[in-house]
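Data first, discussion second: the structure below is written as structure tokens.
Just so it is clear: chains get the letters A, B, ... in the order the sequence lines come, proteins before strands, and each one is counted from 1.
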Amino acid sequence: MIDFYLNGQRQSGVEVPPDTSVLELLRTRLAKTGTKEGCASGDCGACTVTIGEPNADGELEYRTANACITPAHQLQGCHLVTVEGLARGDALHPAQAAMVECHASQCGFCTPGIVMSLFTLHETQRRTPAPLTQARLEQALGGNLCRCTGYRPIRDAALTMGDYPDTHPSWADDPGLAVDVGKQRQESPAELASQGHFSAPRDLAALRRLKAERPQARLVAGATDLWLETTQQLKALDDLVDVRRVAELNEIEATDDGWWIGAAVPLSRLEPLLEEAYPAFAHLLHRFASQQIRNRATLGGNIANASPIGDSPPVLLALEARLLLDGPDGERELPLGDFFLDYKKTALADNEFIRSIFLPRPTAEQNLKVWKLSKRREDDISAVLAAFAWRLEEGVMRDVRLAFGGMAAIPRRVPRTEAALEGQAPSLEAFAAAKAALDQELSPMSDVRGSAEYRKLAAANLLERLRLMIDTTHNDTKVTLDAYAH
Amino acid sequence: MRTLTELAPEASQQAPSPRAETGSGAAGQSRIHESAVKHVTGRAAYIDDIPCPADTLHVALGLSPVAHGRLTRLDLEQVKAAPGVVDVITIVDVPGHTDIGPVFPGDPLFVDDEISYVGQVIFAVAAESYQAARKAVRLAEVEIDEQPASLDPVAAAERGEFVRPTHHHQSGDWEQALRDATYVLEGEQFVGGQEHFYLEGQACLVTPSEDEGVVIHTSNQHPSETQKLVAEVLDIPFHAVTAEMRRMGGGFGGKETQASPWACIAALIARRTHRAAKLRLPRAEDMRATGKRHPFHNRYRLGIDDQGVLVGGEITVIGDCGYSPDLSDAVVDRAMFHSDNAYSLGQARVTGHRAKTHTASNTAFRGFGGPQGVMIIEQVMDDIARHIGEDPLTVRKRNLYRPGRDVTHYGQRVEQLQLLHDLIGELEQSSDYWARRQAISDFNRESPIIKKGLALTPVKFGISFTVQHLNQAGALLHVYTDGSVQINHGGTEMGQGLHTKVCQVVARELGLDIERVRITATRTDKVPNTSPTAASSGADLNGQAAKDAASKLRERLFDFAAEHYRLDRDGMRLEGGALVAGQGEAERRLPWAELVQAAYLGRVSLSEKGFYATPLIHYDRNTGKGRPFYYYAHGAAVSEVEVDTLSGEYQVTRVDILHDVGDSLNPAIDIGQVEGAFIQGMGWMTSEELKWNDAGRLVSDGPATYKIPAFGDLPPVMNVKLLEGHPNSQASIYRSKAVGEPPFMLGISVWSALRDALASLADYRVAPQLDTPATPERVLMVAQALRDAQGAA
């Protein structure tokens, strides 16, 4: 039973199987067909909706999501806004009006999703106005594919919608809405599904209990990868434990040495911290996935998933992150490097879960570079991802930590390559030795994202790029393109 | 008994005449898309949004997992027994035609015996829900005697494995030209295919009608063909089948022939079960089951004089057609017709092979082979430039069609000869080509890793279906007694703004505000025997048909008014929502609605059909000569790129486009077409990589692995202009030109700019072979090879 609000209207006692997506719920149960299915895999953005959740101050914060891979049960105690809910009678919302006047729809199929991304940007601008830089527009719209327009008129719509009269949908004038949603959320039962399980524990103790009772249950947070098992592989997901409401998994705790980041913290919430501590990591986040995905995907999920091409693990490996694993048998800490065992195999026991990730503070003089190679700059999966951390001490490299994704069955560091550079000046010779070691150390495979040959050459060339960057005699040499620089 | 709607009082007043057409939305103005408000509010309905009858069945397909083999056993018992399953069908359940090849036979609706590609349909399941149908499919027991798959079109061509015979164009003695040439250059290229990636996948909803027929809602560029095929598959007359198409969520050619199989299958289910049947393909199945833009292997051996001007030689293009002919004959023809692009080949022979391979049957895609043909000659231009040490733009300009060199290798004289010279000249200026060329050379000398590249490439694209009979169109115009106008025509709306343009044509012909003109869904029972909306011809053909209908109705109303109101027939006109007769003091104005009501009462028909057939065109396949195109559309683009030669990453930093649409029917829509086509062409050239594994299975089968341009790929500077002052020299609709496909080829400038940047690694003395898509991987590998060669030298 799901209780939520849809475009300001209360929806009570909605019953669907646990593996129902928000998109299916909208289109097949609620006759709201404005939200489209383009891919059912979270890659095209045609199904973009906006979900409002109460923040600490009780206000509704609106974020985009791909409805096709968002579990319907996660709407419990939320305000779901769809393209049908923006206009006030015949008066279009500024995001809609600007799209019309800029000639920004052609076939119109991606348009509802684009309107929702623009609406969410408009909401953000209304609350905290800031210049609409290219980077911000890319973040807001990078997850919405359009095959017709080539995006220029959509960019114009984004840039001009702020000039339109701020026509609110009528629900936006209802001050009681946030209170009602908050109340609904507060009163949420711990088990939402009437057939199968969609359990939504609120605290660590409850999560541990569930893990003890149902070790086979799948944990779900953002569902950005898990949900493909149902939409693409047609697997039944009928025994789920949602960790998004577990308080302890949603905290970011600062310590003297670093931060304990709850495993269920969505990536978009991490952005401010990373901007401050590790700008290179923050830059990667923007290429990690679309805004819709970053609003829901978590660091814990990206690690537990153990994909060889996950984007955060190489960075976290280079930064020597640690994990706090938890379960009915207690908690334990583990260096991230010990977590990945083999292709999609981890050190996590059946009844365990990742509770949090420790991200060390940057040390003085520490440098971090993160370089992702993919066919497309936005919303693509890495062919190669390299994360390089080091510091320079009296002209030699120290604490060299190099990690790669896409180059082996697991994300991993390359100790022999690191050793070739450790304590060395960034000389041609040292780097030649490092490249030779790297060549020995990694044997990538060929797949749809790139050939083994390319991956090897590119990985070695990223070491060369690193050398050029460190070597002060090359200071005036541009070694990255502007859009990739950080 | 029928009463007339009372007209609003102001309608019968003699309002001052608004002379200017501004704001009326008539042809020539930047009217918004007729569905724009519906798009942004979610009210525009696509197939899957149409409310279904309560008993609608959902259809899912069993697709072949192997590329080539024989089906030895098919056990569907468990499928039939699965929860919710109502019907399961295979080839034996087809009462009528089992081959639905659109032009030539070769496309079985279901696998009979031989399996020809991964994704070929073996059986279909109808169930109470989409999920139930999809899950049931997986219970099938399929045994296939797998055989080696032929996946290399060049090898297939060498073995003579073709879906259609090889065709030639020849002008003059090409061998002698090669002997006479100062230099002879040779080269080859692989040009990748392209997935349409229409955002709305293939979908249809079929309901049984009360006689033996069906009504089909389909996302489809060619409803008449679907009507025909469904009737043939069901073995019923065409008049029992109605196909309706309101809008597509993108087509791009992918729904020209390849929307029909799904309608045929759903129609079979609907007739068998007497229930509505919906079939929509999940994205991955859509990508595996349907054909794409043809990949091509092209080669050339061409002679030039000491100025780099082509004197002749030969070009060979090999289209990878997949397993069946589909539209490949015409696609490869168009590649051949465009292997000259904007340049005279001199005395040349062009050969086009249609290679058969074990993949989905490749099909129409914006440009229809034209872009693949243009690619070879654009490579030639760059190759010549490096060979003679001149700027590629200089070489391109020298080779343009010009007086004395104005007949193509297929015998068509190029009209508007000066247009492209003027267009390029204007773009050269507005893009500041030469200053930027200098700045880029300076930059590249100082920058060892990041290299910039610049290229101007033109396009000259032939407009008309090369299959002559398709160049016809019909329209149906109704005027109702309140003065509102309904127009229907044979074209389909896929986002290109065709319906908006046709409404604008009608508004202009009838002198009405466009708000009074409404367009309805394309239906085979309104306008019959229509051609596909393809070949950029939508507005040219259907706009003329609508104009024909509107002008005939107008003339009839003039006749009526002259007699009924005793007005002077000469000089009578429709403008500003009124019939106007006489001049100056003697001018009389009759509001449109009043005129219409009077005509109705006077028993004058307020309905009219229109028809159009393109004049002048002909082509003789035996000689490879003729005038296949009514006219050419032109354009040019300048693209600048920055390439990271260590990683292969690159960015398109600036694009300038000048494009010829004659006198635009709607400048905003035309600019939208130009920009959208450019970005789609750029995607084809760069990030959109189709990959099959060794067993012939498409592994880039979803947006996670197949990367169309995203928002950030829009070049930060993009200046797009329509060429002014060059109306079509032919009597096209209001002297406009077709715009859907031609600007697609402007994306080739990005590839040429990438080659330019890479050539800088060898001091512009080498023309590197850069196959497409030029992914970062390909760019890096070429950069590395050039560096290695420089090191060795």
What residue, out of [options], has the most heavy-atom pairs lying under 4.5 Å from chain B?
options	answer
A:A31, A:S105, A:G34, A:C102	A:S105
A:L141, A:T82, A:V384	A:L141
A:L137, A:T28, A:I381, A:I114	A:L137
A:E84, A:M99, A:R465	A:R465
A:E24, A:E378, A:E464, A:E138	A:E378
A:L481, A:I154, A:V115	A:L481

Heavy-atom contact with chain A under 4.5 Å, split by part of [X]:
X	value
B:P282	neither
B:I669	neither
B:V720	neither
B:F678	neither

Spatial distance of atom [atom1] ([X]) from atom [atom2] ([Y]) [nearest 0.5 Å]:
X	Y	atom1	atom2	value
B:F197	A:R147	CZ	CZ	8.0 Å
A:R449	A:I309	CZ	CD1	4.0 Å
B:N719	B:I657	CG	CD1	9.0 Å
A:T231	B:Q131	OG1	CD	9.0 Å
B:E493	B:M248	CD	CE	8.0 Å
B:S647	B:I450	OG	CD1	7.0 Å

Checklist entry - Relative to each other, are the rings of B:H39 and B:Y46 parallel, tilted or perpendicular (30° and 60° limits)? => result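 The rings of B:H39 and B:Y46 lie parallel, inter-plane angle below 30°.
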Max heavy-atom pair count under 4.5 Å with chain A, selected residue of [options]:
options	answer
B:E642, B:R247, B:E446	B:E642
B:L199, B:T705, B:D286	B:L199
B:E675, B:Q673, B:K38	B:E675
B:A710, B:G249, B:P703, B:S687	B:A710
B:I679, B:L646, B:T653, B:I449	B:L646
B:R283, B:E649, B:M494, B:R43	B:E649

Assess, by modelled atom type and distance only, whether the side chains of [X] and [Y] contain a donor and an acceptor separated by less than 3.5 Å.
X	Y	answer
A:Q292	A:N144	yes
B:T645	B:K451	no
B:E689	B:S700	no

Does any backbone or side-chain atom of [X] lie under 4.5 Å from a heavy atom of chain B? Answer side chain, backbone, both or neither.
X	value
A:D379	backbone
A:E37	both
A:R455	neither
A:L118	neither
A:T149	backbone
A:A40	neither
A:K235	neither

With distance as the sole test, does [X] use its side chain to make a donor-acceptor pair with the main-chain N or O of [Y] at under 3.5 Å?
X	Y	value
B:R778	B:P773	yes
B:Q221	B:G253	yes
A:T35	A:C47	no

Item to check | Listed partners of B:H58 passing side chain to side chain contact (heavy atoms under 4.5 Å, CB included), at least two apart | outcome: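 In terms of side chain to side chain contact (heavy atoms under 4.5 Å, CB included), with neighbours along the sequence ignored, B:H58 is linked to B:Y130, B:K278.
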Checklist entry - Given B:V40, which of A:V100, A:V83, A:L86 fulfils the side chain to side chain contact (heavy atoms under 4.5 Å, CB included) condition? => result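 Single side chain to side chain contact (heavy atoms under 4.5 Å, CB included) partner of B:V40 among A:V100, A:V83, A:L86: A:V100.
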Item to check | More than 12 heavy atoms from other groups under 6.0 Å of NZ on B:K691 | outcome: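 Counting neighbours around NZ of B:K691, more than 12 heavy atoms of other residues, nucleotides or ligands fall under 6.0 Å, so yes.
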Item to check | Sorted by number, residues from residues 711-718 of chain B in contact with chain A (heavy atoms, under 4.5 Å) | outcome: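 Against chain A, the residues of residues 711-718 of chain B that fall inside the cut-off (heavy atoms, under 4.5 Å) are B:F711, B:G712, B:D713, B:L714, B:P715, B:P716.
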Checklist entry - Given the rule in the ring-ring contact (aromatic ring centres under 6.0 Å, His included) test, do B:F365 and B:W684 qualify, once you have shown the distances and angles that lead to the verdict? => result CA-CA 11 Å; B:F365 193 148; B:W684 172 54; 8.6 Å; no
